[in-house]
Amino acid sequence: MLLHVPDVLTAGELAEVRALLERAPWGDGRVTAGVQSAQAKNNEQLPQDAAEAAALQQIVMRALNRHALFFSAALPKRVFPPLFNRYGGAANAFGNHVDNAVRYLPGGRAERVRTDVSCTLFLSDPASYDGGDLVVEDTFGTRSVKLPAGDLVLYPGTSVHRVEPVTRGFRVASFFWLESMVRSDEQRRLLYEMDTQLMRLRASVGETDPAVIGLTGTYHNLLRMWGDV
């Protein structure tokens with residue numbers, strides 16, 4: 001499933017993020033790439049141990065934790081701490097690649113995150129740069145994504161994807177992966193669609209309608225069957 005999640009960051013949070021990024025010590029983006037993807041990666045990245053990175057991660061995680069649509073679609077179990085990259089000038093593209101299946105959490109910890117879902121949170125106004133589309137290839141076909149600042153796209157970690165060359169300006173984004181409580185993309189999509197229809201039904205007939213109670217039970221029983229917490 002590829003899904004556009006709007007308004008993850010508020011205008012105030014976006015301004016705070018941009019102020020932090022203006023003084024960020026950008027470095028070589030290949031530091032977090034695998035052997036194969038490093039051959040295709042040509043961008044800049046904020047070092048994970050930079051002071052700005054910790055502040056930015058807190059802002060992004062706080063925004064994700066309050067966003068009901070994000071939770072419904074992703075059903076996150078573990079989230080890899082958000083990273084931040086920049087495309088423009090001579091470091092302006094990332095060719096076709098597939099994300100590593102497993103990521104080790106930073107800081108020397110032995111904990112691992114299985115990358116069921118990949119996420120890109122756009123931080124630049126799309127009118128401020130040319131190119132830079134995220135192109136995702138999967139069973140749903142090929143989709144090109146360029147979103148307003150503060151909006152997020154989530155897509156299967158199994159997909160082949162790339163960032164097209166930025167030919168004017170700079171494209172800045174946060175990117176991260178998450179391990180979902182529901183490993184199967186198809187099962188997550190079915191639960192998301194059921195949850196979406198349940199919210200519509202609740203709005204029209206209320207929480208105590210027998211149909212709402214019954215379908216809510218079905219949703220949670222499926223989550224209980226498929227979920228790993």
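This structure is a prediction, so every number in the text was calculated from the model and none was measured. Computed over heavy atoms, backbone and side chain alike; hydrogens, waters and symmetry mates excluded.
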Student: May I ask whether Val166 and Val145 are part of the same hydrophobic cluster, defined by side-chain heavy atoms of I, L, V, M, F, W, Y residues being less than 4.5 angstrom apart, directly or through others?
Tutor: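 Cluster IDs for Val166 and Val145 match.
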Student: Should Glu179 and Arg112 be marked as a salt bridge (Lys or Arg N to Asp or Glu O under 4.0 Å) after you check the CA-CA gap, both sets of side-chain angles, and the distance that decides it?
Tutor: CA-CA 9 Å; Glu179 181 177 334; Arg112 298 178 292 270; over 6 Å; no
Student: Hydrophobic clusters here meaning ILVMFWY residues chained together by side-chain heavy-atom distances under 4.5 Å, can you tell me if Leu147 and Phe176 are in one?
Tutor: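 Unlinked, Leu147 and Phe176 end up in two clusters.
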Student: Is Tyr129 close to Asn92 at the side-chain level, that is, under 4.5 Å between some pair of heavy atoms?
Tutor: no
Student: Counting only N and O atoms by type, is there a donor-acceptor contact under 3.5 Å from the side chain of Asp209 to the main-chain atoms of Ala211?
Tutor: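 Yes, because the side chain of Asp209 sits within donor-acceptor range (under 3.5 Å) of the backbone of Ala211.
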Student: Could you tell me if the side chain of Leu154 sits less than 4.5 Å from the side chain of Val5, heavy atoms only?
Tutor: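 Yes; the side chains approach each other to less than 4.5 Å.
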Student: State whether Glu164 and Arg162 are salt-bridged, where the test is any N-O pair (Lys NZ or Arg NE/NH1/NH2 against Asp/Glu carboxylate O) under 4.0 Å.
Tutor: yes
Student: From the options Leu222, Leu223, Thr216, select the one residue that forms a side chain to side chain contact (heavy atoms under 4.5 Å, CB included) with Tyr219.
Tutor: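 So the option named by the test is Leu223.
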Student: Going by ring-ring contact (aromatic ring centres under 6.0 Å, His included), name the pairs with one or both residues in residues 43-82, residues two or more places apart or in two chains.
Tutor: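 The answer is Phe80-Trp177.
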Student: Does the side chain of Arg224 come under 3.5 Å of the side chain of Asn221 through a donor N or O and an acceptor N or O?
Tutor: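 Side-chain D/A pair, Arg224 to Asn221: present.
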Student: Is there side-chain contact between Ile59 and Leu20, with heavy atoms separated by less than 4.5 Å?
Tutor: yes
Student: Taking the side chain as every heavy atom from C-beta outward, state whether Val17 and Leu123 have any pair of such atoms under 4.5 Å apart.
Tutor: yes
Student: A side-chain contact here means heavy atoms from C-beta on lying under 4.5 Å apart; do Pro156 and Ser118 qualify?
Tutor: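 The answer is no; the side chains never approach within 4.5 Å.
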Student: Without swapping roles, check the side chain of Asp195 against the backbone of Leu191 for a donor-acceptor pair under 3.5 Å.
Tutor: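 Pair absent, no side-chain N/O of Asp195 close to backbone of Leu191.
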Student: Between Ser180 and Leu75, is there a donor-acceptor pair closer than 3.5 Å when you use the side chain of the first and the backbone of the second?
Tutor: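 Checked: pair present.
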Student: Is His97 reaching over with its side chain to a backbone N or O of Gly95, donor-acceptor style, under 3.5 angstrom?
Tutor: yes
Student: Output yes when a side-chain donor or acceptor of Ser159 lies under 3.5 Å from a complementary backbone atom of Tyr155, and no otherwise.
Tutor: no
Student: May I ask whether Phe175 and Val113 are part of the same hydrophobic cluster, defined by side-chain heavy atoms of I, L, V, M, F, W, Y residues being less than 4.5 angstrom apart, directly or through others?
Tutor: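 In one cluster: yes.
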Student: Can you tell me if Gln57 uses its side chain to pair, donor with acceptor, with the backbone of Ala54 under 3.5 Å?
Tutor: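 Pair absent, no side-chain N/O of Gln57 close to backbone of Ala54.
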Student: Do NZ/NE/NH1/NH2 and the carboxylate oxygens of Arg189 and Glu193 come within less than 4.0 Å?
Tutor: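 Salt bridge present between Arg189 and Glu193.
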Student: Shortest non-hydrogen contact from Glu13 to Ala63?
Tutor: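 Where Glu13 meets Ala63 most closely, the heavy atoms are OE1-CB, 4.1 Å.
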Student: Run the side-chain donor-acceptor check on residues 82-89: report pairs under 3.5 Å with partners two or more places apart or on a different chain.
Tutor:
unit_1: Arg86; atom_1: NE; unit_2: Glu44; atom_2: OE1; d: 2.9
unit_1: Arg86; atom_1: NH2; unit_2: Glu44; atom_2: OE1; d: 2.9
unit_1: Tyr87; atom_1: OH; unit_2: Asn43; atom_2: ND2; d: 2.9

Student: Under a 3.5 Å distance rule, please check whether Asp138 uses its side chain to pair with a backbone N or O of Phe140 as donor and acceptor.
Tutor: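 Side chain of Asp138 to backbone of Phe140: no pair is present.
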Student: Run the numbers on Val205 and Leu201 for side-chain contact (heavy atoms from CB on, under 4.5 Å), then give the verdict.
Tutor: CA-CA 6 Å; Val205 302; Leu201 191 59; 4.0 Å; yes
Student: Are any of the side-chain heavy atoms of Arg18 and Asp125 separated by less than 4.5 Å?
Tutor: yes
Student: Verify the cluster assignment for Trp26 and Leu121: are they in a single hydrophobic cluster under the rule of side-chain heavy atoms below 4.5 Å apart?
Tutor: yes
Student: Are the side chain of Thr196 and the backbone N or O of Tyr192 linked by a donor-acceptor pair below 3.5 Å?
Tutor: yes
Student: Do Asp130 and Thr167 pair up side chain to side chain, a donor and an acceptor below 3.5 Å, judged on atom types alone?
Tutor: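 Looking only at side-chain atoms, Thr167 and Asp130 do not form any donor-acceptor pair under 3.5 Å.
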Student: Looking just at side-chain N and O atoms, do Asp99 and Thr115 make a donor-acceptor pair shorter than 3.5 Å?
Tutor: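 Distance-only check fails for Asp99 and Thr115.
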Student: Taking Leu134 as the starting point, is it possible to reach Leu3 by hopping between hydrophobic residues whose side chains are less than 4.5 Å apart?
Tutor: no
Student: Hey, what do you get for OG (Ser124) to NZ (Lys146), rounding to the nearest 0.5 Å?
Tutor: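 It comes to 9.5 Å.
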Student: Is any side-chain heavy atom of Asp133 less than 4.5 Å from a side-chain heavy atom of Val163?
Tutor: no
Student: Sort out for me which residue in Arg78, Arg114, Lys77 forms a salt bridge (Lys or Arg N to Asp or Glu O under 4.0 Å) with Asp228.
Tutor: Lys77
Student: Enter the distance from Leu2:CG to Thr142:OG1 here, rounded to the nearest 0.5 Å.
Tutor: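 One finds 11.0 Å between CG of Leu2 and OG1 of Thr142.
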Student: Side chains of His161 and Asn96: donor-acceptor distance under 3.5 Å anywhere?
Tutor: no
Student: Determine whether a donor-acceptor pair (N or O, by modelled atom type, separation under 3.5 Å) exists between the side chain of Ser184 and the backbone of Glu186.
Tutor: yes
